[in-house]
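Ligands are counted one by one from 1 in listed order, and the atoms in each one are counted from 1 as well.
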Amino acid sequence: MDKDGTSGAVGKKLLQVLEGKRETIPPIWLMRQAGRYLPEYRTTREKAGGFLDLCFNPIRAAEVTLQPIRRFGFDAAILFSDILVVALALGRKVEFLAGEGPKLDPLSDADGLSGMREVADRDVLAPIYETVRQVKTLLDDKTALIGFCGAPWTVATYIVAGQATPDQAPARLFAHRDPESFSWLIDRLVDASIEYLVGQFQAGADCVQIFDTWAGVLGPEQFDRWCIVPTQKIVEGVRRHVPRAKIIGFPRGAGAMALPYVEMTGVSAIGIDWTFERSIARDALQSRVPVQGNVDPLALLAGGTALDREVDDVMRHLGDGPLIFNLGHGILPDTPIAHVERMLKRVRR
Ligand code: CP3
């Protein structure tokens, strides 16, 4: 990357679209494209030991980052890591138990925050930057490399509840009861995320995505305070170091809040989930920024005509403007590889 974050736009479809251009055949990548639906991923993960051991092993993490590129020729690779490494760098304990999701020590009030670091531990994040450098040396010059972080709200929901819960009530309750302390937590995550994303850009990421998986559980006022404002601070903070940084925001479940999100955060593009009405996405969002999405991951799992219809519907509504073809959330572990191939063939025909 050049210092201003502009390198590589020529030849990389994803970066062309992030500049606002339309590609006849849109660039395509899938959220969670490196993962358990791939036998080669399961093999490498087995060798690595635990999931976090895999995240912190640059050689193996680079290997799984590249696996879906070699198999499918996606237009972008996404760094293999996890949003919760930032919680680790801030001194929270994080574990991934096989077959379950992440487990953290939960906390429910200001006292629980007392053991947290104010600033991320650089040594924790260093191996992730090394993964970015490794991938960069191995990636061809047509494929973009996407870095990422979790949005402060989403990472905070895991820090507070200690795990995923149906509507992340523990974090919402904390935020209602003690907004001052909750805002301290969010601010620590904002600073750590800026440093983390800048580190990824400096190591060679072409663009980054901010995953706000739990944005949709927030009411409008809370959405503004805990999703839009912190995201806007991250975008601004990253661009202080990388002026033309391309940043994709993915506020899952934002619904009607997607428009203020686009207008106020300054993201370069917005990822929409599969529930987002596509003609509204075209008229309200794609007229402002490129749109990424939004095939239902269950349509991909189902395959056949259900998948074809979904692919065609995305192309019909969003294909005339700047589009990054993707799912509306991560690929599911049981997804047959043949369905991914079918989808790619249809988008690229
Ligand atoms: O391929 C990629 O997208 C890159 C790697 C990546 C992972 N997690 C690897 C992973 C990315 C971008 C993430 C982001 C992430 N992690 C999010 C935001 C996106 C989303 O999916 O909502 C969230 C909420 C997390 C936290 C997390 N990590 C959860 C809730 C889980 C358990 C759910 C699950 O799928 O098992 C994880 C584990 C995880 N992260 C796996 C992978 C490949 C599965 C772990 C395994 O190999 O057993």
### Task
Keeping to residues at least two apart or across chains, list the side-chain hydrogen bond (donor to acceptor under 3.5 Å, both in side chains) pairs with something in residues 146-159.
T154-D212, T157-Q168, Y158-W214
Residues 91-98 side chain polar contacts: donor-acceptor under 3.5 Å, at least two apart:
| residue | atom | partner | partner atom | Å |
| --- | --- | --- | --- | --- |
| R92 | NH1 | G112 | O | 3.4 |
| R92 | NH2 | D105 | O | 3.0 |

### Query
Can you say whether the rings of F211 and F148 are parallel (under 30°), tilted (30 to 60°) or perpendicular (over 60°)?
perpendicular
Result block: side-chain N/O donor-acceptor pairs under 3.5 angstrom for residues 46-63, not counting sequence neighbours:
| residue | atom | partner | partner atom | Å |
| --- | --- | --- | --- | --- |
| D53 | OD2 | G50 | N | 2.9 |
| N57 | OD1 | I59 | N | 3.2 |
| N57 | OD1 | R60 | N | 3.1 |

Are any protein N/O atoms closer than 3.5 Å to the N/O atoms of ligand 1? If there are, list each pair with names and the distance to one decimal place.
| residue | atom | partner | partner atom | Å |
| --- | --- | --- | --- | --- |
| ligand 1 | 1 (O) | Q33 | N | 3.2 |
| ligand 1 | 1 (O) | A34 | N | 3.0 |
| ligand 1 | 1 (O) | A34 | O | 3.4 |
| ligand 1 | 3 (O) | R32 | N | 2.8 |
| ligand 1 | 8 (N) | R32 | NE | 3.2 |
| ligand 1 | 8 (N) | D82 | OD1 | 3.2 |
| ligand 1 | 16 (N) | D82 | OD1 | 2.9 |
| ligand 1 | 21 (O) | R32 | NH2 | 3.3 |
| ligand 1 | 21 (O) | H329 | NE2 | 3.3 |
| ligand 1 | 22 (O) | T213 | OG1 | 2.7 |
| ligand 1 | 22 (O) | H329 | NE2 | 2.7 |
| ligand 1 | 28 (N) | D82 | OD1 | 2.7 |
| ligand 1 | 35 (O) | R32 | NH1 | 2.8 |
| ligand 1 | 35 (O) | R36 | NH2 | 2.6 |
| ligand 1 | 36 (O) | R36 | NH1 | 3.2 |
| ligand 1 | 36 (O) | R36 | NH2 | 2.8 |
| ligand 1 | 40 (N) | D82 | OD1 | 2.9 |
| ligand 1 | 47 (O) | Y41 | OH | 2.4 |
| ligand 1 | 47 (O) | R45 | NE | 2.6 |
| ligand 1 | 48 (O) | R45 | NE | 3.0 |
| ligand 1 | 48 (O) | R45 | NH2 | 2.9 |

### Query
Do the side chain of R45 and the main chain of R36 share a donor and acceptor less than 3.5 angstrom apart?
no
### Task
Could you tell me which non-hydrogen atom of F174 sits nearest to which non-hydrogen atom of S181, and how far apart they are?
CE2-CB, 3.9 Å
